[in-house]
Every structure is written in C-alpha cells, then in structure tokens.
*Asks:* 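The following block contains the structure, expressed as structure tokens.
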Amino acid sequence: MIRSGPDALAIADSVADALADPRTTWAAAPPSEGRAWPQSLAGGAAGIALLHIERAYTGRGDWQTAHAWLSAAASDELTAASNAGLFFGAPALAFVTHLAAGTTDRYHRAIDHLDQAVLAMTRSRLAAAHTRIEQGQRPTMKEFDLIRGLTGLGVYHLRRHPDHPITHELLSYLVRLTEPLPARGELPPWWTDVSPNGEPNPQYPHGHGNFGLAHGIGAVMALLSLALLRDLPTPGIDEAVARICAWTDQWCQHDAGPWWPGLITVDQNRDHRIAQALRPRPSWCYGIAGTARAQQLAGLALGDTARQEIAESALLATLRDQTQLDQLAEIGLCHGTAGLLQATWRMAADSRNPRIAAEIPNVAARLIAQMGQPSLNPELLDGAAGAALALHTAGTGNAPISEWDAFLLLS
C-alpha cells in the first residue's frame, strides 16, 4: 500500500460529490467543446463516469451515480465513424461500460452490442494498415496512436477479451509496424509525414518521429509490454519492444537525470542532437510521466533491470527538480500534475526503489494546492474528474479496482 495521506482522499471525495449529478455538473463549469460529445472519454460524460465507477468499487460512492453517468454517456446516437477511437465514440463507451461491468453480468447486452461495433471498426482499420505497409508507405499518426488509432483499440481488446483472435491480430499488426519499411532509409517505420497535430504542416516538411504516449511510439511500447507481461503468445512481440527500445535509447538525454524528447524532426535526426530547451514538460502525453512509465514497463517485460532502473531514476530526478515540476501549471491527467501523480504511483508500485513512493505525498500536495481555484473544469483528461481519480489512488493507497488508468496505458 502506497498512501499519500487523508487530504488527498478528502479532496477526491469533495470533487466526486460536486460531480454527482450529470444534469447540473456543467452549469458552473467553464465552456468546453468536450461536453457536447457525451461519448468522449476526454471531455464528456463517459470520462466522468470512470470517477464514479472507481468510487463505487471502493465503497466510497454508489452504483446509482455511476449508472447515471453511463446513461448520460450513452444518450447520443452511437458513433463508430472514422473519428472514433478509444477516447471517443463506440470504443470509449465500450471501454467504460466494460470496466463498470467487471466480473459481473452488469450491462452485458450493452457490451455485446458495443463489441460488435468495435470489432468491425478494428478489422477495417487493420486491413487498411496492412495495405499501407504492403505499399511501403509511412503511417499516419491516427493509424496507430492511442487516442484515435489501433493502439487505443488494442487497450480495449486487451482488457475485454485478451484471448480473442482480434487481440492477437492487433498485436501482430503492432509488431509489423516496428519492422523496417523497404527503401525508407534510416528513419524508423513508425515515422509519420505529418506534424504533431496529425496534419501536414510546412514547419514539418518531412514529418516527425513521436515518442509520446498520446500520439507516439511510446504507446505501442507500453501496450506490447503489457501484453508480454500477460503472457499473450504473439510471435515477434519481444523483438518489437526491443526495436522500439533501441530507437528511444539513441535519443535518451542526460543532465540532472535521463529524459527523452517528445518528438524529433528530420534535421534533429540528421544532426543527432536535441537541445536542452526542447525537453518536454513532465506530463503524461509527451513527458517523463508517460515516457518513463513506458520504459519501465518495457524493462519489466523484457527482464531488463538496467532499463527499469534508468526509467525510475528519470522519474525520481524529475520529482526532485522544482524547475521541472513548475512546468505543470495545470491539474489534468494529460498535461498536468494529476498525470504525473498517477504515473508516479504506478511506477512506485512496480519498483523496488522506495524513494519513488516517498515522493508521492509531495506530488499529491502540489495537486491539492492547484485544485484550490474556483470553477474547475470537470472533465476527465484535463479537469477535476481525472485529478480526483489520481488523488483517490494516492489517498486509498491501493491500485484502482477498475483499472481506469488503462486508458492512459499506465496499467
């Protein structure tokens, strides 16, 4: 048990109480596009449902409230369009409903219906991805990333039915993603020809290589490592993780502690140089909170204790660097302190180094202080619901029963 103290749990309870009613939650909140999309895990009702599902499992909330938020999330027509993924649409709703069901028969009809939509979507996207590889083309970010792509769909399938053929097919695709493309030079096969927002941009005429968990190869590393740790038999999976590790090792930087860039350009790849000023803030999406956890998972999966120790030392150095911590001005899971707190808790739980766990009260206290501002955004990814979940983990001292942080690939 790794606990931060009673204040964290009290603040989490207070936020959950304030977000209990889907009908009134948005009234005092700042404007946001997310809430217009109930099936959004990032900003809609689906995301806030996760807070109440976890609380219901632990006895600090009730299933009636969780069900009210699930109902709100399912209130719009189900979307399985090209913009759907783990964070939006049928896969997001399927993920949340599956976590709510747990090992019970709750929501089984709804999950069966959602499954069919997600399975069809996954098969279609896998076929397109394999065609792209056979044509020797580079991928788009949305083909494989966590938020919109096949890695995100893999999170759902790995949780929902790890032994299903679709899970094996998806993991096999991710292995193939890491294999060299013919006649593509020294750039890795996951290099994209677009800018970090997923669209062509003259500032990125030759695209970029992305390390992050939100949109980059870090997510593939984490998911394949989690599959390895679950002993899922997929040919070549350990070699695929090793290929990603070898690339990230080339770009690991060292000053006060190890760190990895969020992305690199063709010019940086040519010069093999990353300026210190390009170090990303220690967030989940692009920074240490995400990249160090992915490295730790890879170390655990491959039995590479040196890699695990480097990842943990990278996190510990960041947690002790006030300049780095001050870059997290927001509270959220994606860009803010909540993401760092949850990643720190997960890494401490898997580490033999007690110094990481010793930093959790400091990170929790920092997040609590940041949450003292009025009119907090209630959303999961960037707002109070996600911060409350991270504080709930720190306050209870126990791993989430629902494993809600799987959507961040932290578990």
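Just so it is clear, the structure is predicted and the values come from calculations on it, not from any experiment.
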*Asks:* Would you please name every residue forming a side-chain contact (heavy atoms from CB on, under 4.5 Å) with I147, sequence neighbours left out?
*Replies:*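 Scan of I147 (side-chain contact (heavy atoms from CB on, under 4.5 Å), adjacent residues dropped) gives F87, A214, H215.
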*Asks:* Without hydrogens or angle criteria, can the side chains of S195 and N197 be said to hold a donor-acceptor pair below 3.5 Å?
*Replies:*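 Looking only at side-chain atoms, N197 and S195 do form a donor-acceptor pair, the distance falling under 3.5 Å.
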*Asks:* Are side-chain heavy atoms of Q253 and P258 found at a separation under 4.5 Å?
*Replies:*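 Q253 vs P258: side chains apart.
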*Asks:* When you compare the side chain of T192 with that of T140, does any pair of heavy atoms fall below 4.5 Å?
*Replies:*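 A side-chain contact under 4.5 Å is absent here.
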*Asks:* How long is the straight-line distance from CG of L170 back to CG of L126, given to the nearest 0.5 Å?
*Replies:*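 These two atoms lie 5.0 Å from each other.
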*Asks:* Please find the pair of heavy atoms, one from A317 and one from A256, that lie closest to each other, and give the distance.
*Replies:*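 Shortest heavy-atom separation between A317 and A256 comes out as CB-O, 4.0 Å.
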*Asks:* With sequence neighbours left out, which residue pairs that include part of residues 117-130 fulfil the side-chain hydrogen bond (donor to acceptor under 3.5 Å, both in side chains) condition?
*Replies:*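 Sorted result for residues 117-130: T122-H157, H130-R176.
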*Asks:* Where the side chain of T167 meets the backbone of H161, is there a donor-acceptor pair that is under 3.5 Å apart?
*Replies:*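 Between the backbone of H161 and the side chain of T167 there is a qualifying donor-acceptor contact (under 3.5 Å).
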*Asks:* Evaluate Y57 against W404 for ring pair (Phe, Tyr, Trp, His ring centres under 6.0 Å), listing each step before the verdict.
*Replies:* CA-CA 11 Å; Y57 274 122; W404 62 267; over 10 Å; no
*Asks:* Would you mind listing every side-chain hydrogen bond (donor to acceptor under 3.5 Å, both in side chains) that reaches into residues 292-306, with sequence neighbours excluded?
*Replies:*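 Those involving residues 292-306 are T248-Q295, R293-Q296, R293-D350, Q295-R307, Q296-E312, D304-R307.
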*Asks:* Please report the closest heavy-atom contact between L146 and L213, naming both atoms and the distance.
*Replies:*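 The pair with the smallest heavy-atom distance is CB-O, 3.3 Å.
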*Asks:* Quick check on Q322: does its CD atom have over 12 non-hydrogen neighbours (other residues, nucleotides or ligands) under 6.0 Å away?
*Replies:*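 Enclosed: over 12 neighbouring heavy atoms sit under 6.0 Å from CD of Q322.
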*Asks:* What's the shortest heavy-atom distance between L70 and A100, and which atoms?
*Replies:*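 Answer, listing the atom of L70 first, then A100: CD1-CB, 3.7 Å.
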*Asks:* What's the spacing between R279 CZ and T323 OG1 if we round to 0.5 Å?
*Replies:*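 If we round to the nearest 0.5 Å, R279:CZ and T323:OG1 are 10.0 Å apart.
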*Asks:* Between H168 and P233, which heavy-atom pair has the shortest distance, and what is it?
*Replies:*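 Smallest heavy-atom distance, with atoms named: ND1-O, 3.7 Å.
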*Asks:* Keeping T344 on the side-chain end and L340 on the backbone end, is there a donor-acceptor pair under 3.5 Å?
*Replies:*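 Yes: the side chain of T344 pairs with the backbone of L340.
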*Asks:* Does this structure show an ion pair linking D112 with R109, if we count only N-O contacts that are shorter than 4.0 Å?
*Replies:*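 Judged by the 4.0 Å cut-off on N to carboxylate O distance, D112 and R109 do not form a salt bridge.
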*Asks:* With side-chain contact (heavy atoms from CB on, under 4.5 Å) as the test, would you mind laying out the steps for M347 and Q308 before giving the verdict?
*Replies:* CA-CA 10 Å; M347 290 187 69; Q308 183 180 348; over 6 Å; no
*Asks:* How long is the span from the NE2 atom in H392 to the CG atom in N398, to the nearest 0.5 Å?
*Replies:*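 Going from the NE2 atom of H392 to the CG atom of N398 covers 9.0 Å.
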*Asks:* Can a donor-acceptor pair be found between the side chains of D76 and Q39 at a distance below 3.5 Å?
*Replies:*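 The answer is no; no qualifying pair exists.
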*Asks:* Any heavy-atom pair between the side chains of V96 and L41 that's under 4.5 Å?
*Replies:*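 When only atoms from C-beta onward are counted, V96 and L41 do touch, with a gap below 4.5 Å.
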*Asks:* Set out, in order, the CA-CA distance, both residues' side-chain angles and the distance that settles side-chain hydrogen bond (donor to acceptor under 3.5 Å, both in side chains) for E54 and S402, then state yes or no.
*Replies:* CA-CA 6 Å; E54 178 62 24; S402 67; 2.6 Å; yes
*Asks:* Using the side-chain contact (heavy atoms from CB on, under 4.5 Å) rule, take L409 and W284 through it: C-alpha gap first, then chi angles, then the decisive distance, then the call.
*Replies:* CA-CA 10 Å; L409 277 173; W284 164 78; 5.7 Å; no
*Asks:* Any donor-acceptor pair under 3.5 Å linking the side-chain atoms of D193 with those of H206?
*Replies:*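 Checked: H206/D193 side chains show no N/O donor-acceptor pair below 3.5 Å.
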*Asks:* For residues D62 and T65, is any side-chain donor paired with an opposing acceptor at under 3.5 Å?
*Replies:*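 Distance-only check passes for D62 and T65.
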*Asks:* Name all pairs fulfilling the side-chain hydrogen bond (donor to acceptor under 3.5 Å, both in side chains) condition that reach into residues 222-241, sequence neighbours left out, sorted by first residue then second.
*Replies:*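 Residue pairs with at least one partner in residues 222-241: there are none.
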*Asks:* Tell me every residue that passes side-chain contact (heavy atoms from CB on, under 4.5 Å) with T178, counting only those two or more places apart in sequence or in another chain.
*Replies:*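 Checked T178 against side-chain contact (heavy atoms from CB on, under 4.5 Å); matches are W190, A240, R243, I244.
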*Asks:* Using the side-chain contact (heavy atoms from CB on, under 4.5 Å) definition, which of the options L224, I237, D163 pairs with L232?
*Replies:*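 Testing L232 for a side-chain contact (heavy atoms from CB on, under 4.5 Å) against L224, I237, D163 leaves exactly one candidate, D163.
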*Asks:* For S75 and A72, which heavy atoms make the closest approach, and how far apart are they?
*Replies:*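 Of all heavy-atom pairs spanning S75 and A72, the closest is OG-O, 2.7 Å.
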*Asks:* With a 4.5 Å cut-off on side-chain heavy atoms, are W69 and T25 touching?
*Replies:*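 In short, these two side chains touch, coming nearer than 4.5 Å.
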*Asks:* Do Q327 and Q324 come close enough that some side-chain heavy atom pair is under 4.5 Å?
*Replies:*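 A side-chain contact under 4.5 Å exists here.
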*Asks:* Name the residue from W247, W191, Y286 that meets the ring-ring contact (aromatic ring centres under 6.0 Å, His included) definition with F211.
*Replies:*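 With F211 as partner, ring-ring contact (aromatic ring centres under 6.0 Å, His included) holds for just one option, W247.
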*Asks:* Can we say E330 and R281 salt-bridge, meaning some charged N sits less than 4.0 Å from an Asp/Glu carboxylate O?
*Replies:*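 Looking at R281 together with E330, the answer is yes, because their closest N to O distance falls below 4.0 Å.
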*Asks:* Can a side-chain donor-acceptor contact be found between H208 and N210 if the only test is distance below 3.5 angstrom?
*Replies:*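 There is such a pair (donor and acceptor under 3.5 Å, judged by atom type) between the side chains of N210 and H208.
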*Asks:* Please verify the inter-ring angle class for H67 with Y107; under 30° counts as parallel, over 60° as perpendicular, anything in between as tilted.
*Replies:*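 Answer is parallel, since the angle falls under 30°.
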*Asks:* Measuring from atom CG of N353 to atom CG of L315, what distance do you get when rounded to the nearest 0.5 angstrom?
*Replies:*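 That separation rounds to 9.5 Å.
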*Asks:* Ignoring hydrogens and angles, tell me if any N or O in the side chain of Q268 forms a donor-acceptor pair with the backbone of T265 under 3.5 Å.
*Replies:*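 Judged by distance alone, yes, a pair lies under 3.5 Å.
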*Asks:* Is the CD atom of Q64 crowded by more than 12 outside heavy atoms at less than 6.0 Å?
*Replies:*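 No.
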*Asks:* Are any of the side-chain heavy atoms of F95 and V155 separated by less than 4.5 Å?
*Replies:*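 They are in side-chain contact.
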*Asks:* Stepwise, does the side-chain contact (heavy atoms from CB on, under 4.5 Å) test hold for L380 with F407?
*Replies:* CA-CA 11 Å; L380 176 70; F407 89 98; 3.5 Å; yes
*Asks:* Check D326 with R366, please: is the shortest side-chain N to carboxylate O separation under 4.0 Å?
*Replies:*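 Counted as a salt bridge, because a side-chain N and a carboxylate O are separated by less than 4.0 Å.
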*Asks:* Measure the shortest side-chain to side-chain distance between P139 and F144 over non-hydrogen atoms and say whether it is less than 4.5 angstrom.
*Replies:*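 Yes. Closest side-chain heavy atoms under 4.5 Å.
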*Asks:* What verdict does the side-chain hydrogen bond (donor to acceptor under 3.5 Å, both in side chains) test give for Q342 and T393, after you've listed the backbone C-alpha separation in whole Å, the side-chain angles of each residue and the deciding distance to 0.1 Å?
*Replies:* CA-CA 7 Å; Q342 189 68 22; T393 302; 3.2 Å; yes
*Asks:* If we only count heavy atoms from C-beta on, is the W259 to T318 side-chain gap below 4.5 Å?
*Replies:*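 Answer no - side chains too far apart.
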*Asks:* Could you tell me which non-hydrogen atom of I360 sits nearest to which non-hydrogen atom of A394, and how far apart they are?
*Replies:*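 I360 and A394 have their closest heavy atoms at CG2-CB, 4.2 Å.
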*Asks:* Can you tell me how far the CG atom of L177 sits from the OG atom of S172, to the nearest 0.5 Å?
*Replies:*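 Reported to 0.5 Å precision, the distance equals 12.5 Å.
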*Asks:* Are the side chain of R60 and the backbone N or O of R55 linked by a donor-acceptor pair below 3.5 Å?
*Replies:*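 Side chain of R60 to backbone of R55: no pair is present.
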*Asks:* Of all residues at least two apart in sequence or in a different chain, which pass the side-chain hydrogen bond (donor to acceptor under 3.5 Å, both in side chains) check with E143?
*Replies:*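 Here the qualifying residues are R132, Y173.
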*Asks:* Run L174 and T151 through side-chain contact (heavy atoms from CB on, under 4.5 Å) and show every step you take.
*Replies:* CA-CA 8 Å; L174 291 176; T151 300; 3.7 Å; yes
*Asks:* Could you give the distance from CG (L367) to CG (L341), rounded to the nearest 0.5 Å?
*Replies:*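 One gets 6.0 Å once the value is rounded to the nearest 0.5 Å.
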*Asks:* Checking E403 against S411: is there a side-chain donor and acceptor pair closer than 3.5 Å?
*Replies:*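 Distance-only check fails for S411 and E403.
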